[in-house]
Amino acid sequence: EPEVTQTPSHQVTQMGQEVILRCVPISNHLYFYWYRQILGQKVEFLVSFYNNEISEKSEIFDDQFSVERPDGSNFTLKIRSTKLEDSAMYFCASSVVRQGVIEQYFGPGTRLTVT
Amino acid sequence: AQKVTQAQTEISVVEKEDVTLDCVYETRDTTYYLFWYKQPPSGELVFLIRRNSFDEQNEISGRYSWNFQKSTSSFNFTITASQVVDSAVYFCALSESTGGGNKLTFGTGTQLKVEL
């Protein structure tokens with residue numbers, strides 16, 4: 001069973017610090033995503049990434065955020081200067097469409113706590 | 001714009017009861033996908049089902065069943081003979097196939113509590 005992995009599982013950082021959340025998508029998937037879930041709330045789309053560039057982003061994904069695929073396997077989300085309200089669970093996902101059917105998988109999430 | 005509504009914030013049932021979680025969606029696309037995910041207290045998102053807009057057949061998987069009705073834009077989820085292990089938050093989600101891939105729009109979730 002293929003899986004998306006994320007590291008770390010929990011990150012604690014101080015306000016104003018930069019954080020990088022890491023994801024390894026499934027190897028033959030083509031689209032990569034980051035989602036955010038503030039505690040007790042719904043899961044919200046942040047950004048999608050295809051062919052080494054952002055294909056879509058939400059209004060949450062402002063200049064403090066950036067994504068990168070630095071090599072053939074990792075997909076990272078960087079938050080430049082964290083705020084208290086960035087505390088959330090961040091999910092990475094990857095997808096591919098085969099014979100008209102979407103295969104999309106989520107990673108286990110990284111819980112980010114900003115103090 | 002796409003939207004998913006899960007009007008039930010929290011449902012409590014006693015073990016062995018059947019329970020239905022409602023999901024209503026809005027989309028302008030004719031091609032779309034609907035999903036249900038389970039989020040246990042540990043926090044991960046567990047995939048339960050995917051259904052495309054052209055397939056209105058209802059589906060049953062063990063104690064789980066799904067009722068997709070395009071006429072009412074609903075994709076409801078029923079758990080038969082609920083168990084304590086079913087306690088979790090359940091999210092319905094919608095994906096339109098766009099040039100940006102298949103981002104999901106989630107509902108606000110339904111917290112299901114199954115008690116002994």
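Residue numbers begin at 1 in each chain, while the letters A, B, ... track the order of the sequences. Note that this is a predicted model, so its numbers are computed, not measured.
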(message) Which heavy atom of A/V43 sits nearest to which heavy atom of B/F91, and what is that distance?
(response) N-CE2, 4.4 Å
(request) Check whether A/Q37 gets within reach of chain B through its side chain, its backbone, both or neither, counting any heavy atom under 4.5 Å. (result) side chain
(message) Just checking B/K70: does its NZ atom have more than 12 heavy atoms from other residues, nucleotides or ligands closer to it than 6.0 angstrom?
(response) yes
(request) Write down the atom of B/T108, the atom of A/K42, and the distance for their closest heavy-atom approach. (result) CA-CB, 3.8 Å
(request) Is it possible for you to say whether B/F77 and B/I49 belong to one hydrophobic cluster, with membership spreading through side-chain heavy-atom contacts below 4.5 Å? (result) yes
(request) To the nearest 0.5 angstrom, please state how far the CZ atom of B/F47 sits from the CZ atom of A/F106. (result) 10.5 Å
(message) In this structure, would A/I20 and A/V67 fall into the same cluster of hydrophobic residues linked by side-chain contacts under 4.5 Å?
(response) no
(request) Answer with side chain, backbone, both or neither: which region of B/Q39 has an atom nearer than 4.5 Å to a non-hydrogen atom of chain A? (result) side chain
(request) Identify whether B/Y90 and B/W66 are in the same connected component of the hydrophobic contact network (ILVMFWY, side-chain heavy atoms under 4.5 Å). (result) yes
(message) Looking only at heavy atoms and a cut-off of under 4.5 Å, which of B/G43, B/G109, B/S42, B/A93 has the most pairs with chain A?
(response) B/G43
(message) Hydrophobic cluster membership, with links at side-chain heavy-atom distances under 4.5 Å among I/L/V/M/F/W/Y: are A/V24 and A/Y33 in one?
(response) no
(message) Can you tell me if A/D62 has over 12 outside heavy atoms packed within less than 6.0 Å of its CG?
(response) yes
(request) Heavy-atom distances under 4.5 Å only: say whether A/Y35 touches chain B with side chain, backbone, both or neither. (result) side chain
